[in-house]
Amino acid sequence: MSIAARVGARAAGTPPLANQSVMSLAVKRRILPDLHAEMQRNPALAGGVRSRVQIERRQRSAAILQRAIARDELPGDVDIELFNDAGAGVLYWRMIITRDRAGSDFVEALTHFIIAGLQKSRPPVV
């Protein structure tokens, strides 16, 4: 079984988001840059998106990582926020900005890359 399947892509027992498949990738690619730009100008919109989408997704990711820690697949001091930021940032850049594909091979390589970094000793984030 791939590490992405074990650690993150869709762990067993983690239900999909209710709105996960509402929009096609093409629509998301057109909407997300404008949505994020508008969030900078509109605090009410930013609060709604963050509370309903971003926080929920980050919590799901954190739960997956906590299960990996419990199985001793990751060290107990893994920086979960850093994992979320690194994964989301790279995927957003690849899929929305450059409009490249993020297939299973890419997600697998990204997962290995991030986990390898998390497993090494690192200086504190300032």
Side-chain angles (χ1 to χ4, degrees):
M1 177 183 296
S2 75
I3 195 165
R6 283 189 326 194
V7 175
R10 177 76 85 82
T14 304
L17 295 170
N19 62 350
Q20 187 170 353
S21 62
V22 172
M23 288 186 277
S24 71
L25 180 56
V27 171
K28 289 176 187 176
R29 283 179 170 160
R30 286 194 311 266
I31 292 173
L32 286 177
D34 291 337
L35 176 65
H36 288 121
E38 184 60 27
M39 287 170 62
Q40 299 301 310
R41 297 182 290 268
N42 185 330
L45 175 64
V49 170
R50 287 192 180 104
S51 67
R52 292 190 184 102
V53 178
Q54 292 173 344
I55 291 172
E56 180 182 341
R57 287 179 186 227
R58 291 177 78 84
Q59 288 172 340
R60 288 178 185 274
S61 174
I64 291 167
L65 291 171
Q66 291 293 345
R67 289 195 298 270
I69 291 168
R71 292 188 304 265
D72 289 327
E73 294 174 355
L74 291 174
D77 65 345
V78 162
D79 187 334
I80 292 173
E81 292 296 313
L82 182 59
F83 179 93
N84 280 333
D85 291 344
V90 171
L91 288 171
Y92 184 89
W93 183 264
R94 184 171 184 94
M95 296 178 72
I96 304 302
I97 304 302
T98 67
R99 297 182 181 244
D100 286 336
R101 193 169 173 278
S104 60
D105 289 345
F106 177 81
V107 173
E108 179 78 13
L110 176 60
T111 303
H112 279 284
F113 179 77
I114 295 170
I115 289 173
L118 291 173
Q119 290 175 332
K120 298 182 185 295
S121 61
R122 61 200 176 279
V125 176
V126 192

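Worth saying up front: this structure is predicted, and the values here are computed from it rather than measured. The figures that follow rest on heavy atoms only: side chains count, while hydrogens, waters and symmetry mates do not.
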Single-linkage hydrophobic cluster, 4.5 Å side-chain cutoff, L45 and I55 together: no

Between G48 and S51, which heavy-atom pair has the shortest distance, and what is it? O-OG, 3.3 Å

For E81, is there an ion pair with R58 - N to carboxylate O distance below 4.0 angstrom? yes

With rounding to the nearest 0.5 Å, note down the distance linking CG in L65 to CZ in R60. 14.0 Å

Has the side chain of S61 got a donor or acceptor atom that lies under 3.5 Å from a matching backbone atom of R57? no

Minimum heavy-atom distance A102-L91, with the two atoms named: CB-CD2, 3.9 Å

With heavy-atom distances below 4.5 Å as the criterion, would you say the side chains of R67 and I64 are in contact? yes

Of all pairs that satisfy salt bridge (Lys or Arg N to Asp or Glu O under 4.0 Å), the ones with a partner from residues 31-41, not counting sequence neighbours: E38-R41

On a heavy-atom basis, the closest approach of L74 and V78 is CB-CG2, 3.8 Å

Test log, rule side-chain contact (heavy atoms from CB on, under 4.5 Å), inputs Q66 and I80: CA-CA 9 Å; Q66 291 293 345; I80 292 173; 3.0 Å; yes

Identify the heavy atoms of Q54 and M39 that sit nearest to each other, and give their distance. NE2-CE, 4.0 Å

CD1 (I96) and CD1 (I31) are apart, to the nearest 0.5 Å, by 10.0 Å

State which residue, out of V107, I114, L110, fulfils the side-chain contact (heavy atoms from CB on, under 4.5 Å) condition with V90. L110

What residues form a salt bridge (Lys or Arg N to Asp or Glu O under 4.0 Å) with R99, not counting sequence neighbours? none

Can you pull out every ring-ring contact (aromatic ring centres under 6.0 Å, His included) where at least one residue sits in residues 27-72? Sequence neighbours excluded, please. H36-Y92

